[in-house]
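Predicted model only: the values in this text are computed from it and were never measured. Below, chain A is the first sequence line, B the second, and so on; all start at residue 1.
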Amino acid sequence: MIKNLFLYNSLIGEKVKFEPIASNNVGIYVCGPTVYSEVHLGNCRTFISFDVIVRYLKFLGYNVRYVRNITDAGHLENDADFGEDKISKKAKIEQLEPMEIVQKYTLDFHNVMSLFNTLPPSIEPTATGHIIEQIEMIKSIIKNGYAYEVNGSVYFDVKKYINDGYQYGKLSGRDIDELISGSRDLQGQQEKKNPSDFALWKNASKQHIMKWPSPWGTGFPGWHLECSAMGAKYLGDQIDIHGGGMDLKFPHHECEIAQGVSANNVDPVKYWMHANMLTLNGKRMSKSTGNTLLPEEIFSGENEILKKAFSPLVVRFFMLQAHYRSVLDFSSVALSASEKGFNKLMEAKKVLSNVKFVQKNINTELDSQIVNLIEACYKHMNDDFNTPQTIATLFELVSIVNTCNNANSFGEISKETFIYLQKTMNGFILDVLGLDNLDSQSNDKSAQLVELMLSIRNEAKNNKNYALSDQIRNQLNEIGITIKDGKEGTTYSIT
RNA sequence: GGUCUCGUGGCCGAGUGGCUAGGCAGUGGUCUGCAAAACCAUCUACAUCGGUUCGAAUCCGAUCGAGACCUCCA
């Protein structure tokens with residue numbers, strides 16, 4: 001298959017043709033969560049966005065190695081270089097070992113990711129598991145002259161890096177002079193040559209819980225370093241795609257570029273991709289401001305924003321109806337609208353899977369219309385993973401499927417196109433968008449039971465005992481089973 | 001304050017220099033014992049003011065408004 005994928009490289013701010021460094025193999029690194037509390041829905045959006053990106057790369061036939069880290073050390077509060085370690089802080093609050101915190105919230109994260117039907121990464125490295133690699137990387141940076149040691153801490157020398165002709169601030173569009181002469185005056189900053197320098201290694205005080213030995217004394221690695229070290233270890237000195245939330249552009253990703261360049265003398269990333277924020281009440285979701293919703297609160301309906309519970313896949317679908325680079329605002333009405341659309345899409349997929357194909361006279365106009373729409377699905381995904389347009393195109397196919405189903409006229413499509421249509425609908429809905437059918441939750445016995453109820457209802461209907469038939473319909477409806485009387489008999493769907 | 005992004009119909013959200021996505025909601029039909037679903041038809045748009053152009057919602061400028069980053073955050 002000829003691949004014609006274009007993606008938006010946030011480093012240069014343009015859509016460019018995607019060409020992997022090593023032929024058909026793609027390495028992708030996505031910054032994972034800091035596991036010091038439950039992931040909120042905003043975090044999830046980023047991971048769902050990149051899940052679709054990984055899925056589509058695989059769908060196109062690329063060999064994908066997907067690395068997403070777990071930050072379990074080094075991520076500091078308030079200020080990147082002088083705050084308290086987030087994990088340690090939480091450990092004190094909850095009176096647990098730091099690694100108990102890490103374990104607890106890693107499990108929570110995995111559970112939520114699985115509910116959202118995201119694929120697990122190929123490798124999920126942790127910062128604490130790669131202290132040696134991080135120390136080695138710092139050594140390289142020092143050796144190359146871009147870092148210096150002060151009182152057991154090591155800082156990156158931004159000014160030297162810039163003076164040597166490298167661009168620091170390009171990714172985030174920051175002004176270099178402003179960065180060098182940054183005026184913030186924070187406690188402990190006097191250790192740095194320059195306020196914009198950032199920590200690669202921090203000396204640990206006696207009370208500090210999470211610390212490791214190093215050539216510069218006992219301490220812990222800086223947050224920006226882990227992604228550089230682990231990315232290089234598993235995906236090479238230059239990675240095809242590096243992704244993360246928009247908010248990580250500065251300083252995190254900017255620092256990663258500087259670290260990669262100064263350690264390995266190569267631009268560490270070929271394509272930078274950034275997913276946009278999820279907002280709530282018009283403001284970005286954020287743990288520190290408390291403007292958040294937890295996934296569990298949505299699935300259970302126990303929150304003040306939503307009127308009812310929503311399933312994880314409906315939330316996923318809702319997110320995919322917006323482009324990953326756009327801000328998306330979360331609201332109850334928007335989610336309800338998505339839920340209905342989601343059910344409509346799934347229902348049509350089911351119809352298409354179950355239909356018995358009998359060839360009739362071919363309607364060439366209809367046939368080519370379907371082929372065009374199928375090709376449009378690829379076209380839109382190839383255009384920087386435009387899921388909303390792809391979904392819109394799928395809905396046009398849904399309309400055709402329903403029309404053919406009503407008129408019993410699938411046979412007017414050529415057999416070849418019909419199979420192509422089935423494969424495309426299933427492929428895009430299940431494999432690319434990752435929307436599994438909720439009906440799979442029901443088991444054989446409950447299905448038999450519903451069939452039994454329907455046959456009793458049918459008998460009542462034939463006897464014009466509508467009181468009974470309507471009672472059965474209403475009561476089934478109350479437990480979430482919707483009855484539809486069609487020409488070909490009665491069907492039902494579970495919501 | 002600096003940098004950047006955005007402002008689309010009742011709501012959510014794509015897109016684009018000319019042929020007006022899609023979903024939800026509304027209205028009128030078809031079907032049905034009635035519903036539901038589906039289908040058909042239909043109604044609401046491109047913040048404001050200028051400019052470029054044969055033509056702009058789409059490009060440029062100004063204004064107003066919103067948001068993000070500049071400190072930890074996906």
* Residues that A:Lys379 engages under salt bridge (charged side-chain N to carboxylate O under 4.0 Å, His left out), provided they are two or more places apart ->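 Expected list: none.
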* Counterpart residues, salt bridge (charged side-chain N to carboxylate O under 4.0 Å, His left out), relative to A:Lys308 (two or more places apart) ->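 Scan of A:Lys308 (salt bridge (charged side-chain N to carboxylate O under 4.0 Å, His left out), adjacent residues dropped) gives A:Glu339.
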* Asked: A:Lys340 side chain: which of B:A74, B:C24, B:G33 is closest?
  ->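 Given the options B:A74, B:C24, B:G33, the side chain of A:Lys340 is closest to B:C24.
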* Select one nucleotide: of B:C72, B:G23, B:A74, the one nearest the side-chain heavy atoms of A:Phe395. =>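 Closest of the options to the side chain of A:Phe395: B:G23.
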* 4.5 Å side-chain heavy-atom contact, A:Pro295 and A:Pro312 ->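 Of all side-chain heavy-atom pairs linking A:Pro312 with A:Pro295, none is under 4.5 Å.
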* Look at the side chain of A:Arg174 and the base of B:C4, then say whether one donor and one acceptor between them are separated by less than 3.5 Å. =>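 Not at all, since no donor on one side and acceptor on the other fall under 3.5 Å apart.
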* For the side chain of A:Arg473 and the base of B:A36, is some donor closer than 3.5 Å to an acceptor across the two? ->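 No pair found.
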I'd like a table of donor-acceptor pairs (distance under 3.5 Å, sequence neighbours excluded) in which one partner is a side-chain atom from residues 396-403 of chain A, with atom names and distances.
| residue | atom | partner | partner atom | Å |
| --- | --- | --- | --- | --- |
| A:Asn402 | ND2 | A:Val398 | O | 3.4 |
| A:Thr403 | OG1 | A:Ser399 | O | 2.8 |

Write down the protein N/O and nucleotide N/O pairs, taken from nucleotides 45-47 of chain B, whose separation is under 3.5 Å; answer none if there are no such pairs.
none

* To do: Starting at the 5' end of nucleotides 5-13 of chain B, put B wherever the base has a protein heavy atom under 4.0 Å, S where only the sugar-phosphate does, and a dash everywhere else.
  => ------SSS
* Name the stems with RNA chain B in them: runs of three or more consecutive Watson-Crick or G-U pairs, distances under 3.5 Å? ->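 So far as stems of 3 or more pairs are concerned, RNA chain B shows B:1-7 with B:64-70, B:10-12 with B:22-24, B:26-30 with B:38-42, B:47-51 with B:59-63.
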* Asked: Taking the six-membered ring for Trp, does A:Phe47 stack with B:A74 (centroid gap under 5.5 Å, planes within less than 30°)?
  ->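 No; by the centre-distance and plane-angle rule, A:Phe47 does not count as stacking on B:A74.
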* List in chain and number order the residues that pass ring pair (Phe, Tyr, Trp, His ring centres under 6.0 Å) with A:Phe299, two or more places apart in sequence or in another chain; answer none if no residue qualifies. =>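 A:Phe299 satisfies ring pair (Phe, Tyr, Trp, His ring centres under 6.0 Å) with A:Phe116 only.
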* **Counterpart residues, ring pair (Phe, Tyr, Trp, His ring centres under 6.0 Å), relative to A:Phe47 (two or more places apart)** =>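 A:Phe109.
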* Asked: What is the distance from CG of A:Asn405 to P of B:A36, rounded to the nearest Å?
  ->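 Taking atom P of B:A36 as the reference, CG of A:Asn405 is at 19 Å.
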* **Nucleic acid contacts of residues 104-124 of chain A, taken as heavy-atom distances under 4.0 Å to RNA chain B** =>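 Those residues: none at all.
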* Asked: Taking for each residue the nucleotide of RNA chain B bearing the nearest heavy atom, is the 5' side occupied by A:Cys44 or by A:Ser336?
  ->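 Looking at the nearest nucleotide for each, A:Ser336 comes out on the 5' side.
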* Asked: side-chain hydrogen bond (donor to acceptor under 3.5 Å, both in side chains) with A:Asp329: which residues, sequence neighbours excluded?
  ->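 Per chain and number, A:Asp329 pairs via side-chain hydrogen bond (donor to acceptor under 3.5 Å, both in side chains) with A:Thr279.
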* To do: Look at all strands and tell whether A:Asn386 reaches a base, only sugar-phosphate, or nothing, counting heavy atoms closer than 4.0 Å.
  =>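 Answer is sugar-phosphate: A:Asn386 comes under 4.0 Å of backbone atoms only.
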* Which residue pairs satisfy the side-chain hydrogen bond (donor to acceptor under 3.5 Å, both in side chains) criterion with at least one member in residues 384-393 of chain A, sequence neighbours excluded? ->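 Residue pairs with at least one partner in residues 384-393 of chain A: A:Tyr324-A:Asp384, A:Arg325-A:Asp384, A:His380-A:Gln389, A:His380-A:Thr393.
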Distances for protein N or O near nucleotides 37-40 of chain B N or O, under 3.5 Å:
| residue | atom | partner | partner atom | Å |
| --- | --- | --- | --- | --- |
| B:A38 | O3' | A:Asn402 | ND2 | 3.1 |
| B:A38 | O2' | A:Asn406 | ND2 | 2.8 |
| B:C39 | OP1 | A:Asn402 | ND2 | 3.4 |

